[in-house]
Amino acid sequence: MDDPLNARDLDERLARLSLERKVRLLTGATMFTLRGDEEIGLEPMAFSDGPTGVRGLDFTGGPLTCLFPNATLLASSWRTETAEEVGRLLAEEAERQSIHVVLGPTVNLHRTPLGGRLFEAYSEDPLLTGHLAAAYVSGLQSQGIGACVKHLVANEAETDRHGVDSVVDERTLRELYLLPFEIAVDDADPWSVMAAYNKVNGIAATEQGPVNNGILKGEWGWLGLLMSDWFATQTAAPAANGGLDLVMPGPTGPWGPALVAAVEAGEVEEAVIDDHLRRLLLLASRVGALNAPRAWRTDLPEPGGAVRREQLTRLAAEGMTVLANDGSLPLARGASVALIGRPALETTCMGGGSASVRAPHQVSIADGLTEAMDGVTVVDGVAVRARVRAGQFSMRVRMYGESGALLSDHVSEEARTVGFMPDQELAEPVTRVVMSATVPGGARRIGVLAVGRATVTVGEASYDVTLESESDDIGGDFLRPPGWQTDVVLDGPTELVADVTLGGWAGLGLVAEPTPPTDDDAIAAAVAAASAADIAVVVVGLTEEQETEAFDKSTLALPGRQDELVSAVAAAARRTVVVVNAATPVLMPWASEVDAILWAGLPGQEGGHAVAAALLGDIEPAGRLVTSFPAADGASPAWGVAPTAGKLAYEEGVFVGYRGYAAKRAPAPAYWFGQGLGYGDWEYGEVTLADSVVSVDLTNVSARASREVVQVYLQPTEDDQPIRLVGFSTVSLAPGETRSVEVACDPRASRTWDDGAWRPLTGGRLLVARGLGDIRGEVPVPTGDLEAILAELVGRPLDEASQVVTDAGWQVRTFAPGSMLTMDYREDRMNLEHEDGTVTRAFVG
Ligand code: BGC
């Protein structure tokens, strides 16, 4: 979208506002909205999470909206086209709800497999993450909806997430954790970025002058808006001076009068406030919130309609990843199938926390597969949850205030709600909430989620329970509330009431579900069904208890007795296929006992349809892993997530994930980053290299059309330089077809941060691999005459006075007396650095 603002226009607008009025605009108006100001033509703006659906302005009970496959599943396609399409579709979902900015993508890396929020982020690799993020941002912003790349920076774990200090050396920060942000900024210019909760090397991310002002806004020349993560900002002057532009949420926060006072006391220059506001106005102009309200599109597909079903099924199935296959997959349509496992019936379609949405439906694998083929017998499995879970039905909610007055009486479409929110405009604070619903008869598990005292009544029975807070995290009890449940037998439909006296800010919910079988009964029934069928398909997985914001994992083992279930079924069945319904690495001790393994991620609202399409081969599950799967708990280059004395040291440095495994800093993984079989077979020809482009002839030697991901890794010569992905490309070929595939190597991945500057790596080898466990070819990298290349780029010979500080061969600085010229690799940007260190920035072309 064109930027209608010019400096004069901006200055005129700013001049109309008092300091108080300016500062007022720099804190949110509510949980997810910003204030407008008529005086300067600023319309209110609305933000929504993000990243795998547009939830809208409410945490619970909001409008129905599309639930996309989770980020690791989408990333597993290794296709920027996929990420771009997702961005465009999310923009449509945002338009439907009048949302200006979607809070995504999440570009933090998979540093340790225990990170609770990995499901929301793309990969352990910064290049893959950066390219996918840039494509997602481009898709979103091409429709005039702002992206918000989050969370800047070194925010890879959830334990003590509001206080933890991530200790990361500058090289590691630059080469790994900042790189996805840098690529997104360079390639897609996101209109906003979110500063994380954590500290980085002792300074809060919201006050991180060196990163926010120095790198993001300075070196990278980014003009967007930097907002805080929700409730992250602790200070006025340090945050305002440290580059933070906007405090979220509102209406209150640490800025307001405190920031006005800081300006008046000379601690913050008014020019700094003006810069924050300029960025806010630029965002407003970009999303259509300046001068007039935006005209929202209305001709959009329904979240649960046929168009979205097709799109979301395809996007999910394409990322699913075949980890083992002796030929059992694709399933033969005429086979009789025993479909086993709790996640087959209760498929986990999304992770927990701010990324969750209210989907029109969530198709279970049981429903998806029985719809797609005949001969499926569905059998429940062992328990997979340790915590109480709110039901999937509507309920009546009555909220009462301190005075006993009834403040609200409404029907919630979900059996979960929130007692109170900072921005709820109720006459007085809610102190008591009564939730009720009618429960069908039979053996039922009933219960309540809350923090406080609850009386749960069902028919004649009544239970008094006290539920204590379980988390120090500000949103912990809210995202994962404590719960209580018990099993009852009801004669017929019965009223279930939970009367809760609130004891803290927490999620609330009502539980009512059929009483599940015991684990022993479930295993016995599964074995019987497996022996009677041609093939057993066991679905195992994690749930939003593990795949969640605010909490990390403590193990990669599947919860409950799922491993035992798989082994028992594998011993009894003729053939066994395991479907893993998890977004992140899990341990598979039974891998050698089964015939095929399909990793299915958290597949979104069409999950069951997508798994059926992948199992049957209607859509090829052509995914490749985006993160290494360790062979055992602890067997990864980085593991622990618990800070020591408040500090989480990124001790493994640049040797994260496959970089560390390849350097033998951990036992070999069970499955490598980049691994995935698809349903095709591939022959690779000779690998050649010209001008940073790797070419290889690829032949699909299988009998079906298939998609391959050609991955190029640089193995540098220097010992302290890890192997790293420098390019990738996906290609779909018909059976027997050969094509020359070209992969451009990104110079941003083949440089090192050396003593305060980028230095390109020269020499070494480029490996073409299907994950580092399956290397198909290689080519040496010539140690080229860089200066000659650069002279050509600059258009004249470099003279004696020129010094070359290259950025992987693409950037040149020539020193003239008193100044230094830096040309960006895109040649559309120039920085004139003066001797005193100040920088004049110019955009050209
Ligand atoms: C999360 C952000 C999210 C925000 C708003 C925070 O808890 O860390 O990713 O966008 O809440 O819901």
Side-chain angles (χ1 to χ4, degrees), residues 27-34 45-60 62 65 70-71 90 94 97 99-109 115-122 133 136-137 140 145-164 166 180-181 190-199 204-206 225-234 244 246-250 253 350-358 418 421-423 471-480 505-507 544 547-552:
T27 293
T30 67
M31 198 67 174
F32 289 106
T33 60
L34 299 193
M45 284 185 273
F47 296 174
S48 165
D49 288 302
T52 38
V54 182
R55 192 187 58 242
L57 300 181
D58 301 303
F59 261 109
T60 60
T65 188
N70 85 287
L90 286 171
Q97 299 176 67
I99 297 291
H100 299 86
V101 175
V102 173
L103 304 174
T106 304
V107 302
N108 301 112
L109 298 184
R117 234 172 153 175
L118 262 49
F119 78 94
E120 239 187 271
Y122 291 125
Y136 173 111
V137 171
L140 205 52
I145 302 292
C148 179
V149 182
K150 63 191 189 182
H151 311 82
L152 188 71
V153 61
N155 181 202
E156 273 71 36
E158 296 298 282
T159 307
D160 188 20
R161 63 179 177 150
H162 294 279
V164 64
S166 300
F181 290 95
W191 298 341
S192 68
V193 167
M194 191 186 290
Y197 284 129
N198 51 284
K199 301 189 187 80
T206 48
L225 174 105
L226 182 66
M227 69 180 79
S228 73
D229 198 345
W230 269 232
F231 305 105
T233 321
Q234 302 297 325
L244 188 75
L246 173 72
V247 169
M248 286 305 289
M350 63 180 162
S354 58
S356 59
V357 303
R358 193 170 155 240
V418 281
M421 298 280 287
D423 60 322
S471 172
D472 298 333
D473 187 290
I474 184 172
D477 291 324
F478 171 69
L479 297 172
R480 204 161 78 156
W505 189 37
E544 73 290 341
E547 311 271 34
T548 184
E549 179 179 335
F551 300 90
D552 289 317

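Quick note: numbers below take in every heavy atom, side chains included, and nothing from hydrogens, waters or symmetry partners. When a ligand or atom number is given, it counts from 1 through the structure's own listing order.
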I want to check something: taking the side chain as every heavy atom from C-beta on, are [X] and [Y] in contact at a cut-off of under 4.5 Å?
| X | Y | result |
| --- | --- | --- |
| W230 | M194 | yes |
| F119 | T52 | no |
| F47 | P249 | no |
| L246 | L34 | yes |
| L90 | Y136 | yes |
| H151 | R161 | no |

Numbering as shown, the atoms of ligand 1 that approach [X] to under 4.0 Å (heavy-atom distance):
| X | value |
| --- | --- |
| K150 | 2 (C), 3 (C), 9 (O), 10 (O) |
| H151 | 2 (C), 8 (O), 9 (O) |
| R117 | 1 (C), 2 (C), 8 (O), 9 (O) |

Would you please determine whether [X] falls within less than 4.0 Å of ligand 1 on a heavy-atom basis?
| X | result |
| --- | --- |
| M248 | no |
| E549 | yes |
| M31 | no |
| F47 | no |
| F231 | no |

- Query: Is M227 touching ligand 1 with its side chain, its backbone, both, or neither, if touching means heavy atoms under 4.0 Å apart?
  - Reply: neither
- Message: Closer than 3.5 angstrom, by distance alone: can the side chain of S356 be matched with the main-chain N or O of G351 as a donor-acceptor pair?
- Response: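 Checked: no pair found.
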- Message: Is there a polar contact between ligand 1 and D229, counting only N or O atoms under 3.5 Å apart?
- Response: yes
- Message: I want to know if ligand 1 touches W230 in the polar sense, i.e. an N/O pair below 3.5 angstrom.
- Response: no
- Message: Is it true that Q97 and T65 share a donor-acceptor pair across their side chains at a distance under 3.5 Å?
- Response: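 Judged by distance alone, the side chains do pair up.
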- If you compare V102, N108, D49, L103 by their heavy atoms, the one closest to atom 3 (C) of ligand 1 turns out to be D49
